[in-house]
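Structure record follows, encoded as structure tokens.
All chains are named by letter (A, B, ...) in the order of the sequence lines, taking the proteins before the strands, and each is independently numbered beginning at 1. Everything quoted here is computed from the prediction, not taken from an experiment.
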There are 2 protein chains.
Amino acid sequence: MKNPTAEVDLVWKALADSTRRSILDLLAERPLATGEVVARFEKALCRTAVMKHLEILVQAKLVIVRREGKMRWNYLNPVPIQQVCDRWVSQHVRQVASAVSRLKELTEDRVSQSTTERPSSASKSRRTKAISSDRLNTPGEKR
Amino acid sequence: MKNPTAEVDLVWKALADSTRRSILDLLAERPLATGEVVARFEKALCRTAVMKHLEILVQAKLVIVRREGKMRWNYLNPVPIQQVCDRWVSQHVRQVASAVSRLKELTEDRVSQSTTERPSSASKSRRTKAISSDRLNTPGEKR
DNA sequence: TTTTCATGTCACTAGATGGTGACATGTGGG
DNA sequence: CCCACATGTCACCATCTAGTGACATGAAAA
């Protein structure tokens with residue numbers, strides 16, 4: 001377990017591609033030999049492309065590989081997905097209610113366009129808060 | 001709501017980048033004007049880079065934008081994340097138990113290396129199943 | 001042993017992506 | 001009105017990514 005942030009990044013990046021998501025769907029049903037996975041995508045992709053995708057999934061620890069003779073078996077590892085989703089959702093759960101109510105506020109504001117004064121004053125108080133916050137240091141990562 | 005698959009893809013792709021995830025973290029706390037988001041990443045990125053990221057989040061409907069005068073306010077929309085994660089996790093939930101037990105089997109097999117005969121016969125039965133399956137038509141998407 | 005089967009590896013490529021600077025436009029305050 | 005502020009847009013670029021064909025290697029069957 002090297003760097004949790006880097007590992008999480010690998011998972012998100014792996015899941016960004018629809019082919020890889022499809023591969024995981026297949027493996028969720030049952031483990032497959034690499035050739036079987038390849039056969040499933042035969043019409044869409046060449047063998048090496050599929051293998052590359054599998055390699056990315058392995059690097060992200062979403063897939064576990066086991067050799068048996070000349071067969072390479074791929075097993076789904078559902079734990080990272082679950083962890084990443086859980087962590088992501090739970091981190092936002094405490095903010096969900098307020099976020100949803102804000103959206104509601106916005107949609108209501110959108111319906112009654114005449115009440116432009118109200119959100120304008122609200123936006124000013126928000127701005128003041130934002131500036132005085134000590135979270136002005138960027139959480140961004142330099143690439 | 002054009003094409004659900006394409007929309008889901010936008011979400012996954014949006015979440016693949018760590019900067020964009022950081023932006024969503026910020027917006028989960030409180031809505032921010034674009035300039036405020038930019039300021040948070042000042043040390044890491046130029047303004048237009050941040051705006052590009054925001055645009056991707058908007059396209060994925062993870063962020064909702066509202067103009068007020070010269071201010072552009074960004075609101076987190078937690079719904080797509082939740083939906084995507086829920087759908088993804090629940091789709092695999094029925095497979096999680098079997099997948100976990102398979103992994104367990106593998107790790108146990110790994111510990112007792114002498115029992116190579118057992119998994120070898122098991123792999124053959126799996127192979128037979130895979131071939132007779134009518135899921136041989138690829139679920140992959142041609143790019 | 002040879003041949004077939006399953007997979008590995010590598011080089012290459014077209015397109016996508018994340019980043020930048022420069023110029024442009026619109027809003028709001030003095 | 002002018003100027004400052006906030007954001008928009010565009011062209012460019014280095015790097016990454018998803019895909020391919022070709023050659024290589026190892027296991028298993030004939």
Could you tell me whether the phosphate oxygens of C:dT17, OP1 or OP2, come under 4.0 Å of any side-chain nitrogen or oxygen in B:H53?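 False: B:H53 side-chain N/O out of range (4.0 Å or more) of C:dT17 OP1/OP2.
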Within the pair B:R72 and D:dA6, is there a side-chain N or O less than 4.0 Å away from OP1 or OP2?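 It does not, given that no N or O in the side chain of B:R72 lies less than 4.0 Å from OP1 or OP2 of D:dA6.
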Nearest-angstrom distance from the residue atom [atom1] of [X] to [atom2] of [N]:
| X | N | atom1 | atom2 | answer |
| --- | --- | --- | --- | --- |
| A:K52 | D:dC16 | NZ | C1' | 11 Å |
| A:L54 | C:dT9 | CG | P | 13 Å |
| A:M51 | D:dG21 | CE | P | 15 Å |
| B:W12 | D:dT17 | CH2 | P | 18 Å |
| B:Q59 | C:dT17 | CD | C1' | 15 Å |

[options]: which one has an atom nearest the side-chain heavy atoms of [X]?
| X | options | value |
| --- | --- | --- |
| B:R47 | D:dG8, D:dA18, C:dG21 | D:dG8 |
| B:K13 | D:dA18, C:dT17, D:dT20 | C:dT17 |
| B:L45 | D:dG21, C:dG18, C:dG19 | C:dG19 |

Reading DNA chain D from 5' onward, which residue's closest nucleotide shows up sooner: B:A33 or A:A49?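 Nearest nucleotide further toward 5': that of B:A33.
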Over all strands shown, is B:T34 touching base, sugar-phosphate only, or nothing at heavy-atom distances under 4.0 angstrom?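 Here B:T34 touches the backbone only, sparing every base.
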Between B:R21 and B:L15 (side chain of the first, backbone of the second, donor and acceptor by atom type, cut-off under 3.5 Å), is there such a pair?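 Present.
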Terminal axis angle for the helix from C:dT1-D:dA30 to C:dG30-D:dC1, five pairs an end, nearest 10 degrees: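 Axis angle across the helix from C:dT1-D:dA30 to C:dG30-D:dC1, nearest 10°: 20°.
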Which heavy atom of A:W73 sits nearest to which heavy atom of A:L32, and what is that distance?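 For A:W73 versus A:L32, the nearest heavy atoms are CE3-C, 3.5 Å.
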Grab the N/O contacts between the protein and nucleotides 25-27 of chain D below 3.5 Å, and write none if there aren't any.
residue: D:dA27; atom: O3'; partner: A:K70; partner atom: N; Å: 3.2

